[in-house]
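Step one of this worksheet: look at the structure below.
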Number of protein chains: 2
Amino acid sequence: MTRLGLALALLPCLAAPASAQEPADFRPASSNVWDAQYPRVDSKGRVEVRLKAPEAMKVRLNFWSGPKIDMVKQPDGVWSAITEPLAPGLHYYMLIVDGVEMADTGSRSFFGGSKYASAVEVPEPGATYYTIQEVPHGQVREVWYLSKVTGTWRHALVYTQPGYDETKERYPVLYLQHGGGEDETGWVRQGHANVILDNAIADKRAKPMLVVMAYGYARRAGQQPPDLAGKGFGSPEFRKAMQDMTAAFESDVTEALIPFIDKTFRTIADRNHRAMAGLSMGGMQTFHITLNHLDLFSHIGGFSGAAGAFTLGRDLDPKTDYNAVLADPAAFAKKVPVLWLGVGTAEPERMRAGIQKLHASRTDAGIAHVYQESPGTDHEWQTWRRNLNDFAPRLFR
Amino acid sequence: MTRLGLALALLPCLAAPASAQEPADFRPASSNVWDAQYPRVDSKGRVEVRLKAPEAMKVRLNFWSGPKIDMVKQPDGVWSAITEPLAPGLHYYMLIVDGVEMADTGSRSFFGGSKYASAVEVPEPGATYYTIQEVPHGQVREVWYLSKVTGTWRHALVYTQPGYDETKERYPVLYLQHGGGEDETGWVRQGHANVILDNAIADKRAKPMLVVMAYGYARRAGQQPPDLAGKGFGSPEFRKAMQDMTAAFESDVTEALIPFIDKTFRTIADRNHRAMAGLSMGGMQTFHITLNHLDLFSHIGGFSGAAGAFTLGRDLDPKTDYNAVLADPAAFAKKVPVLWLGVGTAEPERMRAGIQKLHASRTDAGIAHVYQESPGTDHEWQTWRRNLNDFAPRLFR
């Protein structure tokens, strides 16, 4: 390559992400706090983040399921970065300032990764199903119930569909669980589950229903927190802690939450009118709880939630696990009219492999189910918004 | 002083906050995220904060209405600080790492100071009125209303008292506003307003009522955000922006919010059964809105909210301001059975002076009102929890 050729080849790099040929049309993200100008997003899905930190030595932008970028300090002490185009959806991120992970104060905070994290909403052109429309809106009700299982007051959110207060009818219920490191607010704040239901009900795609979003972490009264210091994600100690928690949550749901919901709301309190779904860890919990309690649930959804889904790691033995409810496909199909599995095509291979294995084993066993891949989305909320939007309309038919 | 005397006098400083004679009994704060060990609080109200930041050069702990402490780096890269005993209540704080203000990921985040901030709850011994008890609980309902005033969907929280769904009765309504830099979630998340009402209603101290908590920031449809860069808090530009926003919010409340609430909930939709109160900026808004609309409101509460309260800065002229409703004390008392003013004794002098001036002028004018000082508390949520706990039981008698 000639010197001139080399210089020309380097030019696009020097021109920075927003070149003269591609005028940037950055706007503050809809996920920002009131009047915050950054982060902002352009029509290509590129995200620009800024942080004023004149004294900092190093600032890094860390999208959990996306780019990790060393930000560049400008002469005015403002560090900045522009990402490549991101997939549509809500992307968690944090800033790492001199080695310390922090939320961006320009962003609203969303509970994820066991902390209040930043996130930026990249719009999906043409997608209106999860944005607020001029249709009747349900309410999202905060409720508190005293759980004898955990010995604590527990906080849950309950979506009541538009018009709930104006009728005397009873309605079916979907129990909908968040992922690991998230909490009961995730499906509304990050997922817009209430808006998805409002729109699907307004379109008459989905039946009117209540949606209960509970906190998926639980510990039996008197039980000590596990000491997992230095224990890895797949270690026996971690797995034991996960099993204890899943079992405590199973008891909480079946012994405390469901009775409370059926007492407090006008539900149709039988298995045919009760569904459960969850994402990631919530998917695992959903499989565990529903298959152990087919007397209580009839519709099941697992969104990106197959890692050790049925058996917390071990391979499933349909002949013995879960009272062998999976052993007889015809009987299972009769009991479970909807078994729904989904995953994003951009999810890490270990996530996809788990769900695909589950899908293949259900297919081999002749167990009717829905399997859907969300195009281009990762282990993130856009996958689960799409999942819910497909799953909810199939319920209670 | 002898050398020995000097050395002895210095000893307590060297002994650090937790001396051998005073065993510390630190426990994780109730305001922490699940299982976070720090921040923690001892029975004296001292707060211990830690941050792992081996690469940081300087870390400062900044309680907005409390101590500002340079944290000390331990050999393991963890910075730590222990405060002097703090007054009971919820104290906002942030960490400043190499000049960058950040939330502490061990704390839940609360919207305050126009960002998601950390806060630590210091218990008040013996005070149970704002902590959850084994009594019937109301719900807190998230609702969305389309405001023609702002041209946007607006989000509000509505407390419905225990048993609301089981009766057909209609109830009075308290409109309750957050402070500057906060949002509609403040009175529940930080203030525990729902718990205060649950407990007061269970004791039969307060009448059953609905409480509407709206977002106090508003801008008329099409109006551009004011450019306040470089403009001070008391500048004409700032004052103009505040007046515009207060006027937009006044229209939103009276033209959009109240009609929506009266249509959606079983309210008694008349002035005698409608109250309004607010803290700080919300107190100012309350005075402005209620005095301009005595046809809509009958009970008024201002919590630490007198700075320029009645007239946005200018001295009040009772003969001309607010259609002269304050000019005739007897007529006013007949129209407004409860005018409630309060402030914390530890608030900054400028906050106290404003409220005291208001109190004195009301007294001089012979206008019946309640004036209360909250002992030992600052311009913070413990003051306003106490205020609400005294104010709510006086309503709708």
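Within every chain, numbering begins at 1; the chains are lettered A, B, ... in the order of the sequence lines, protein sequences first and strands thereafter.
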(request) Kindly give the heavy-atom pair with the smallest separation between Glu55(A) and Met57(B), and that separation in Å. (result) O-CE, 3.4 Å
(request) Give the minimum heavy-atom separation between Arg108(A) and Tyr116(B), together with the two atoms involved. (result) CA-CE1, 3.3 Å
(request) Step through the shown structure and confirm whether more than 12 heavy atoms of other residues, nucleotides or ligands are within 6.0 Å of CZ on Arg170(A). (result) yes
(request) Select one option (side chain, backbone, both, neither) describing which atoms of Thr160(A) are under 4.5 Å from chain B's heavy atoms. (result) neither
(message) Counting heavy-atom pairs closer than 4.5 Å to chain A, which one of Asn194(B), Val158(B), Leu95(B) comes out on top?
(response) Asn194(B)
(request) Let me know if Ser107(B) has heavy atoms under 4.5 Å from chain A in its side chain, its backbone, both or neither. (result) backbone
(request) Could you pull out the closest heavy-atom pair between Val33(B) and Ser114(A), with the gap in Å? (result) CG2-O, 3.8 Å
(request) Might you confirm whether atom NZ of Lys240(A) has over 12 heavy atoms from other residues, nucleotides or ligands at distances under 6.0 Å? (result) no
(request) Specify which of Tyr159(B), Phe265(B), Tyr215(B) makes the most heavy-atom pairs with chain A at under 4.5 Å. (result) Tyr215(B)
(message) Please rank Arg266(B), Gln133(B), Glu166(B) by heavy-atom pairs under 4.5 Å with chain A and give me the top one.
(response) Gln133(B)
(request) Specify which of Arg219(B), Met94(B), Glu134(B) makes the most heavy-atom pairs with chain A at under 4.5 Å. (result) Arg219(B)
(request) Check Val135(A) against Trp153(B) and note the closest heavy-atom contact, atom names and distance. (result) O-CH2, 4.4 Å
(message) Using heavy-atom distances under 4.5 Å, tell me whether Ala103(A) contacts chain B through its side chain, its backbone, both, or neither.
(response) neither
(message) Looking at every heavy atom in both Lys52(B) and Val100(A), which two are closest together, and how far apart are they?
(response) O-CG2, 4.1 Å
(request) Report the C-alpha distance between Lys58(B) and Asp98(A) in whole Å, list the side-chain angles of each, state the deciding distance to 0.1 Å, and finish with yes or no for salt bridge (charged side-chain N to carboxylate O under 4.0 Å, His left out). (result) CA-CA 10 Å; Lys58(B) 189 177 176 188; Asp98(A) 292 348; over 6 Å; no
(message) Taking the side chain as everything from C-beta on, heavy atoms only, tell me whether Thr264(A) gets closer than 4.5 Å to Gln139(B).
(response) yes
(message) Does any part of the side chain of Val140(A), heavy atoms only, come nearer than 4.5 Å to the side chain of Trp144(B), both counted from C-beta?
(response) yes
(request) Kindly compute the distance separating CG (Asp104(A)) from NZ (Lys115(B)), expressed to the nearest 0.5 Å. (result) 12.0 Å
(message) Quick check on Lys148(B): does its NZ atom have over 12 non-hydrogen neighbours (other residues, nucleotides or ligands) under 6.0 Å away?
(response) no
(request) Quick one: pull up CZ in Arg141(A) and CG in Leu157(B) and give me the separation to the nearest 0.5 Å. (result) 13.5 Å
